[in-house]
Amino acid sequence: MHIDRYEQIWIRISVAVLVIFMIGIVVAGWSLSIQVPGVYGRVDPNTVTEPGSPWAEPGLRELAPGKYEAYILAQIWTFVPGEIRVPAGSEVTFYVTSKDVQHGFRIQDTNLSFMVLPGQISKMTHRFEEPGEYVFVCHEYCGVGHHTMAGKLIVEEAVASNQ
Amino acid sequence: MSVQSIPQPAAGADAHSSEARFSLENKLTGWHIGVAMAALSIGVTLGIMQGFEHLGIDLYKYTAPAFKTYYQGLTIHGVLNALVWTTFFIVGFFTTAITRSLDRPLKYPWINVLGFVLMFVGLLMATYPLLANLATVLYTFYPPMQAHWTFYLGLTLVVVGSWVAGYGFYFTLHAWRKENPGKRTPFIALASTITMVMWQIATLGVAVEILTMLLPWSLGLIKGTDPLLARTYFWYTGHPLVYFWLLPAYVAWYGMVPKQAGGKMFSDSLARLVFWLFLLLSTPVGFHHQYTDPGIPQGWKFIHALLTYGVAFPSLLTAFTVAASLEIGGRARGGKGWFGWIRKLPWDNPSYTAQNLAMILFAFGGISGITNASYNVNLAVHNTVWIPGHFHLTVGSATTLTFFGIAYWLVPKLTGKQLYKPKLALAQAWTWFFGMIFFGNGFHLLGLHYGVPRRTMLGAAVYRDPAWTPFLIEVFVGVLLLTTSAILFYWVIIGTLAHKKRLEKPVEMPIAEAADPTPVPAWLDTWKPWLYGAIALIIIAYGPMLYTLISEMQLTSPGFRVW
């Protein structure tokens, strides 16, 4: 099969570009740890709010100074809790699931974005350095109230928290 | 050169008798693209309403009996534009493309008639719950949102009808090969049939999803469903679906547009290789739509990321080969210099112009597509309006604008009438082009910089930010241009159907010759290795994970009606 010389050059460039992109995502994913979600376990969406489930009383739990877990329950059309406060510099691990339909979870101005499915636990960690208000929104269509499903995470100045 | 002079003069009597041989194929094509265009007219109208909504102007209260909410409208917009317009147009276009390329009528025309009937019945069945607001689940219909069962069954019939049409094409190609031993299959017929086979393999996912999970669940036969498994089945089909939209445009770009530009196919062999690579790589890439899903290991997502880069390769080849084919045309028409040949291309021909502009928009759509495919980079744009920004440049432009261009020779061919007001058709192509540039740019920027969620009633969103407004206005300018363009399109098509001026000679389908007359190697005209390779890759890339998901299936989610 005859391939024109310029086309051969183009093929080499195309392959090189794709290889460079591949290296890029490997470096970002495995040495800078910018990772997509994986497997973190399952729950029964019908019993997820019953006693014994970590989403029976969703909310923020302090594990150590500056280290938190946030259990968030997504449901039509709210997040519970709808407001979270952490001091600046905190590392927060989010555990989110849905008790009804599919939802999404995205904290604006961060890389934190994932799907929230009934029956599955989504988990992601983020360190909040900059004080301010971070809006989080549902980014998967979940019914006629979808555009009202949002909350906020408030990162407070960390001055008083050490005393 | 005007559009009427494109057809190559064939000996008059022969041409007329050849039209008579294909009268059923012409009718079948006409039915399919007629339904496609009718569906698109409704889909586009809803798109305009969405543009108004994003600016905070809610028109749904005025259309309430038919379209009650933004989300019902958005569902219909997606189903009609992305599924109905595309599938019906593609099957109709291929009915002409394959039979004319082989110069052979359909082997068993009843199969293709049956295919059309199934697709049409399915469409009617799905229309009922859509209009009655019983299936406001968007065109991805993720469970446990539960639509009326007629929605699932209707969609299944549309897909099954398209399979049946595919069988009609396979029998026809098979018959041609028996009648022409030793001859290479003509490019257009081969590429179109590969597309239909790819579609057949790809739609198994959604067929299994609907028949084993959603349909029995919506009928109350089973109590619950497993949302992650359903998503996985869906995206097994959902990504090759985009190639099902794109490849018919590639058939035209490789096999027809060079002829319209006065050029030749730069490389027949590479064009075929591109289609075989799509057969091989289109399906085992679906997890790149599920990067942010829980319950799927990162390793599998990464493997699908690499395979997705693999399927980008044939599109990169296409960019070179198609541009080179057009350059042959531009130079044959007297173009000189590095870029001078571009000006000599037949920009006064609306069919050509629409398709060339579609190619340009696809370059941008392809770039944002690579962004989406890039594993962790996807976190920045997942489910933001960047995504509809992207696919309005692909299915909304590369595919749709190419189909408009095809319609500008196909409708005159089918009706034997001159294209009505080619200048309006030319304006149609350019307004769509600029409309999509504004629309696509605005949505890409809103998604990237502000994380604005897609499929959301932005005009009423509680977190609406005034910083979005300039971009939403840009999007709205795009919508207005697209509206103008759609009106021009229907004006030209209805004008062509309505006016009385008949063409003296029937329009011939443009078929580009290969620039290199040596026959393509036999391995590019052989089905088995490619087909087996495709199946093997699917088993490797999907088998283990599907086995895990199925063996750990938990049918715990009851259905919800949340609209």
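In the displayed structure, E83(A) atom CD is contacted under 6.0 Å by more than 12 heavy atoms of other residues, nucleotides or ligands. Residue K68(B) places its NZ atom among more than 12 non-hydrogen atoms of other residues, nucleotides or ligands, all under 6.0 Å distant. The environment of CD in E130(A) is sparse: at most 12 heavy-atom neighbours from other residues, nucleotides or ligands sit within 6.0 Å.
Neither the backbone nor the side chain of W300(B) comes within less than 4.5 Å of any heavy atom in chain A. Both the backbone and the side chain of T556(B) come within less than 4.5 Å of a heavy atom in chain A. Of the atoms belonging to V520(B), not a single heavy atom falls under 4.5 Å from chain A. With a threshold of 4.5 angstrom between heavy atoms, T384(B) approaches chain A through side-chain atoms but not through N, CA, C or O. Interface remark: I370(B) contributes side-chain atoms only to the contact with chain A (heavy atom separation under 4.5 Å). Both the backbone and the side chain of E552(B) have a heavy atom closer than 4.5 Å to some heavy atom of chain A. For R231(B), the part sitting under 4.5 Å from any heavy atom of chain A is the side chain, from C-beta outward, and nothing else. Only the side chain of F266(B) comes within contact range of chain A, with at least one heavy atom under 4.5 Å from a heavy atom of that chain. Both the backbone and the side chain of P297(B) come within less than 4.5 Å of a heavy atom in chain A. Only the side chain of L306(B) comes within contact range of chain A, with at least one heavy atom under 4.5 Å from a heavy atom of that chain. Heavy-atom distances place no part of L74(B) under 4.5 Å from chain A, backbone and side chain included. Looking at M124(A), the atoms closer than 4.5 Å to chain B (heavy atoms on both sides) all sit in the side chain, from C-beta outward. With a 4.5 Å cut-off on non-hydrogen atoms, D226(B) touches chain A through its side chain but not through its backbone. If you measure heavy-atom distances from I13(A) to chain B, you find no contacts under 4.5 Å at all. Heavy atoms closer than 4.5 Å to chain B are found in the backbone of K99(A), but not in its side chain.
Side-chain contact between V101(A) and Y142(B) is absent, with no heavy atoms from C-beta onward closer than 4.5 Å. Residues P118(A) and P144(B) are in side-chain contact: their nearest non-hydrogen atoms beyond the backbone lie under 4.5 Å apart. Proximity of F313(B) to I11(A): side-chain heavy atoms (C-beta onward) are separated by under 4.5 Å at one or more points. Side chains of R454(B) and Y141(A) form no contact here, defined as non-hydrogen atoms less than 4.5 Å apart. When side chains are defined from C-beta on, L316(B) counts as touching L18(A), because their heavy atoms get closer than 4.5 Å.
Chain A forms the most heavy-atom pairs under 4.5 Å with one residue out of L458(B), T321(B), D516(B), N378(B), and that residue is T321(B). Highest contact tally toward chain B, considering only Q108(A), R42(A), Q120(A), is held by R42(A) [criterion: heavy-atom pairs under 4.5 Å]. Chosen from P143(B), G559(B), A312(B), A305(B), the residue pairing most often with chain A at heavy-atom distances under 4.5 Å is P143(B). Contacts with chain A were tallied for G451(B), P453(B), G459(B), A319(B); G451(B) has the most, counting heavy-atom pairs under 4.5 Å. Counting heavy-atom pairs closer than 4.5 Å to chain B, the top-ranked of the candidates I34(A), V19(A), D100(A) is D100(A). Put simply, of D4(A), I76(A), I121(A), the one with the most heavy-atom pairs under 4.5 Å next to chain B is D4(A). Per-residue heavy-atom pair counts under 4.5 Å with chain A were compared for L379(B), V462(B), N376(B), and the maximum is reached by N376(B). Contact count against chain A (heavy-atom pairs under 4.5 Å) is highest for L228(B) among V452(B), L273(B), L317(B), L228(B). If you tally non-hydrogen atom pairs under 4.5 Å between each of V15(A), N46(A), V17(A), T97(A) and chain B, the highest count goes to N46(A). Heavy-atom pairs under 4.5 Å with chain B were tallied for N111(A), V135(A), V137(A); the largest tally goes to V137(A).
For the residue pair H147(A) / T456(B), no side-chain donor-acceptor distance below 3.5 Å is found, with atom types taken as modelled. Using a 3.5 Å distance cut-off with no hydrogens or angles, the side chains of E7(A) and S267(B) do not pair a donor with an acceptor. Checking N383(B) against E140(A) by side-chain atom types alone, a donor-acceptor pair falls below 3.5 Å.
W563(B) places no side-chain N or O within 3.5 Å of a backbone atom of G145(A) that could act as its donor or acceptor partner. Looking only at distances, no side-chain donor or acceptor of K123(A) sits under 3.5 Å from a matching main-chain atom of P294(B). At distances below 3.5 Å, at least one donor-acceptor pair connects side-chain atoms of Q298(B) with backbone N or O atoms of V36(A).
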side-chain contact (heavy atoms from CB on, under 4.5 Å) assessment of H382(B) paired with M115(A): CA-CA 9 Å; H382(B) 176 79; M115(A) 297 301 301; 3.3 Å; yes
Please report the C-alpha distance between F105(A) and T292(B) in whole Å, then the side-chain angles of each, then the deciding distance to 0.1 Å, and finally whether the side-chain contact (heavy atoms from CB on, under 4.5 Å) criterion is met. CA-CA 10 Å; F105(A) 186 76; T292(B) 65; over 6 Å; no
Carefully, step by step, assess V562(B) and W77(A) under the rule side-chain contact (heavy atoms from CB on, under 4.5 Å). CA-CA 10 Å; V562(B) 286; W77(A) 292 288; 4.1 Å; yes
Where do F114(A) and Y291(B) land on the side-chain contact (heavy atoms from CB on, under 4.5 Å) test, with the steps shown first? CA-CA 8 Å; F114(A) 50 75; Y291(B) 285 147; over 6 Å; no
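Interatomic distance, OH of Y309(B) versus OG of S14(A), reported as 14.0 Å (0.5 Å rounding). From T308(B), atom OG1 reaches atom CZ of F21(A) across 14.0 Å, with rounding to the nearest 0.5 Å. How far CG of L117(A) is from CD of Q290(B): 9.0 Å, rounded to the nearest 0.5 Å.
For Y71(B) against G143(A), the heavy-atom pair with the smallest separation is CE1-O, 3.8 Å.
Aromatic ring pairs are classed by plane angle as parallel below 30°, tilted from 30° to 60° and perpendicular above 60°; the pair Y375(B) and W30(A) is parallel.
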